[in-house]
There are 2 protein chains.
Amino acid sequence: MNFDRTRAAGVLAAELARLYGAELQRRLVPLGLSAAQFLVLSELWAEDGQTQRQLTARLGVEQATMANTLARMERDRLIERMPHPDDRRAQIVALSDAARTLRAEAVDAAAEVNQSVLEGLPAAERELFLSMLGRIVNAMRAPGANPQT
Amino acid sequence: MNFDRTRAAGVLAAELARLYGAELQRRLVPLGLSAAQFLVLSELWAEDGQTQRQLTARLGVEQATMANTLARMERDRLIERMPHPDDRRAQIVALSDAARTLRAEAVDAAAEVNQSVLEGLPAAERELFLSMLGRIVNAMRAPGANPQT
DNA sequence: CAATATACCATAGCATGCTATGCAATAGCG
DNA sequence: CGCTATTGCATAGCATGCTATGGTATATTG
């Protein structure tokens with residue numbers, strides 16, 4: 001009849017996400033980045049010049065969320081938007097020079113934070129944990145994961 | 001040199017938290033509750049009449065976050081606040097009748113969502129996953145988890 | 001006791017997530 | 001071609017997280 005937060009997978013995940021976000025933010029702030037901005041940049045570092053639509057799909061957030069994040073990134077001179085050559089509705093999101101410069105440092109910082117998360121587990125279990133986390137996320141993302149929808 | 005989101009524990013946790021939050025919200029909305037409100041209520045169902053301070057500590061959010069959440073819950077008639085008998089700075093947070101009535105239904109809904117999260121894993125691995133998640137969160141919560149702080 | 005330090009809350013301002021809307025451009029169809 | 005549907009974004013409004021700040025009450029200390 002009670003609800004045990006310490007055994008609720010989602011609640012624990014939310015807490016992990018909060019702690020991780022805070023730590024990542026702490027490491028990225030000196031570079032002038034937030035965690036959400038970093039994720040967008042990590043996509044653009046892999047492939048510059050994507051549309052907002054593509055970024056939204058790849059990062060799995062809603063379109064409106066991405067629009068807001070991109071607006072802040074443009075304000076902060078991390079990206080530039082230019083007209084799409086073939087589709088006047090769309091825009092190309094391009095890295096600024098500043099964002100290109102930040103790449104190595106930011107990726108290092110994020111890698112360290114990801115490593116530090118896993119340090120809570122013995123090395124032998126880390127791969128398994130990532131695998132299980134990945135499978136759970138995939139299962140929840142899949143259609144039909146929502147009963148009676 | 002790249003950042004692989006699919007292998008970053010924190011990013012996966014954030015995504016799990018988002019998906020979980022959305023699903024929990026979907027199940028709680030018919031009851032007039034949000035996920036954050038549910039967590040506060042789950043504390044109060046266990047022990048009614050706590051102070052804001054206690055709730056903040058137990059749920060692990062910042063004091064300001066709790067103040068805002070409690071304000072919305074008071075607005076929504078889920079809680080009532082009354083003066084603390086011994087300390088005029090503090091207030092007692094008490095369940096409303098409506099909140100007491102919601103208990104069984106809300107706990108059931110949350111339990112189902114938690115169960116559905118774990119369905120992404122074979123039954124044999126579920127306990128281990130919860131254990132690992134719990135250990136990671138504990139390790140990150142612990143002081144000294146932050147290098148060079 | 002008076003002054004200072006702490007503790008408990010509230011508020012302001014921001015980021016990032018969401019849903020709901022609306023506009024403009026493009027695609028599809030009769 | 002012209003109408004409708006779809007697609008790509010932007011904006012509004014909200015919840016929930018945060019930090020920073022300030023007010024009031026209580027505790028501590030010289």
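In the text below, chain A, chain B and the rest are named by the order of the sequence lines, each starting its count at 1.
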Rounded to the nearest Å, what distance is computed from the [atom1] atom of residue [X] to the [atom2] atom of nucleotide [N]?
| X | N | atom1 | atom2 | value |
| --- | --- | --- | --- | --- |
| B:E74 | C:dC9 | CD | C1' | 13 Å |
| A:M73 | D:dA10 | CE | P | 14 Å |
| A:R58 | D:dG8 | CZ | P | 14 Å |

Taking C-beta and beyond as the side chain, do A:L130 and A:L118 meet within less than 4.5 Å on heavy atoms?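 The answer is yes; the side chains approach within 4.5 Å.
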
Please name all residues satisfying side chain to side chain donor-acceptor pair (under 3.5 Å) with [X], sequence neighbours left out, ordered by chain then number.
| X | answer |
| --- | --- |
| B:Q91 | none |
| B:E119 | none |
| B:Q52 | none |
| B:R81 | B:E74 |

What pair of heavy atoms forms the shortest contact from A:A17 to B:A14, and how long is it?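 Here A:A17 and B:A14 meet closest at CB-CA, 3.5 Å.
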
With a 4.0 Å heavy-atom cut-off, tell me which residues in residues 82-95 of chain A come close to DNA chain D, sorted by residue number.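 Residues of residues 82-95 of chain A under 4.0 Å from DNA chain D: A:R89, A:A90, A:Q91.
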
Can you tell me how the ring of A:F129 sits relative to the ring of B:F129, calling it parallel under 30°, perpendicular over 60° and tilted otherwise?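 A:F129 and B:F129: parallel rings.
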
Could you encode protein contacts along nucleotides 11-19 of chain D as a string, one character per nucleotide from 5' to 3', using B for base contact, S for sugar-phosphate-only contact and - for no contact, with a heavy-atom cut-off of under 4.0 Å? B---SBSBB

To the nearest 0.5 Å, what is the distance between CD (B:E125) and CG (A:L128)?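 If I round to the nearest 0.5 Å, the distance is 6.0 Å.
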
